[in-house]
Amino acid sequence: MSGVGDLLRPDLRGRTAYGAPQLDVPVRLNTNESSYAVPAPVIAAALRALGEELADLNRYPDREFTALREALSAYLARQAGVTIPVAALWAANGSNEVLLHLVQAFGGADRVALGFTPAYSMHPIIAATCAMPWADGDRGAPGDPFGLTPESVAAQCARHDPAMVFLCSPNNPTGTALTHEVVIAAYEAAPRAVIVVDEAYAEYARPGTRSALHLLAGRPRLVVTRTMSKAFALAGGRLGYLAADPELVDALRLVRMPYHLSTQTQVIARVALEHADDLLATVEATKEQRDRMVGELTAAGLDPVPSDANFVLFGGLVDERMTWQHLLDQGVLVRDVGIRHHLRVSAGTPAETDAFLAAVAGLPAGHRLHQSQEGTDG
Ligand SMILES: *Cc1c(COP(=O)(O)O)cnc(C)c1O
């Protein structure tokens, strides 16, 4: 036998792992992290709180992470205006682990998960790790290539009769949020499914966007997942969470590893939630850079998609791989999300936006699909 290839589970053979490049370049705009460092007062408070806990590291952490769930409940009441009881909250090491718990509990090899591509690439990967078949639904409405209508969602749910439906709002990588009507359409057209709405970017949504948290009451199969990795500038802290019916939440205890949230993770996340105002202070600045990129990319003859998140998907490129490499050569790392003629760029600091837009302005002839910027039509 040559290697582990023959030992690997047959359904995993030939698959590639999730792997956004982590390159050491001056301007990193490829994984939608916050570009802003954790503020000094938050660091000081976290160190104090950790100091009080470290002597107890001989003991397992609170398996029910009750103090953390109380802090999450208080945060959601303020941020979204929804009262979520502690029993209706769950957390894990990043919302990716939250999603894994959901698939472990409600998926299975004899049932189908449905998503609407392009969306978050980890949804099908997590299903695959649990040997759950994945149905690639599609997006697109007249005049809106990445939109999703209630009618389309309902028809696709009826066709696949899924056990799980993944919605992403605001959607990564396309940027736009879904309407409540779309979520309700999925809930009603997939009567045997757990409906997961991934709201990783909720804090960046444009005014008027309503969270699916408002739809939880009376819908015991609906789940809303969120994360502290993006707006809270805490990607390294690894804390994701969800809100759902307490009975559904209770089922997740069947699949999680005992004490899955370490003492330090619970402490740091709790302190971060206590300092939510400090940490979220950069959200408005990030939204400004996002809207600035949409405007300037349009002026540059490219096709940005309107965004409710901290990134912008833009089209109008002849060859996205060629442009990705060219931008990297200028010290700007963006994301090739596998959509032809498109790239995705995270909204960072004003200086990072300057660097990105300067690199775009300097794109040589042959990068843009629309040639008017280069005067070939004049
Ligand atoms: C970034 C992202 C997440 C966050 O994952 P964590 O594990 O919480 O860091 C979840 N969903 C989507 C759609 C994302 O883009």
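Numbering of ligands and ligand atoms starts at 1, following listing order. Since this is a predicted model, take the numbers as computed values, not measurements.
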| request: Dump the intermediate steps for side-chain hydrogen bond (donor to acceptor under 3.5 Å, both in side chains) on Tyr120 and Asn96, then the final yes or no. | output: CA-CA 11 Å; Tyr120 187 41; Asn96 277 294; 3.1 Å; yes
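Test Arg15, Arg13, Arg9 against Asp11 for salt bridge (charged side-chain N to carboxylate O under 4.0 Å, His left out) and you get one pass: Arg9.
Contact detail for Phe116 and Arg139: the closest heavy-atom pair is O-NH1, 3.1 Å.
Within 4.0 Å of ligand 1, protein heavy atoms come from Gly94, Ser95, Asn96, Tyr120, Cys168, Asn172, Asp198, Ala200, Tyr201, Thr227, Ser229, Lys230, Arg238.
The closest side-chain donor-acceptor pair between Asp308 and Thr176, if any, does not fall under 3.5 angstrom.
Figure legend: Arg221 and Tyr187 shown as a cation-pi pair, the cationic atom lying under 6.0 angstrom from the six-membered ring centre and within 45 degrees of its axis.
Between the side chain of His123 and the backbone N or O of Leu99, no donor-acceptor pair lies under 3.5 Å.
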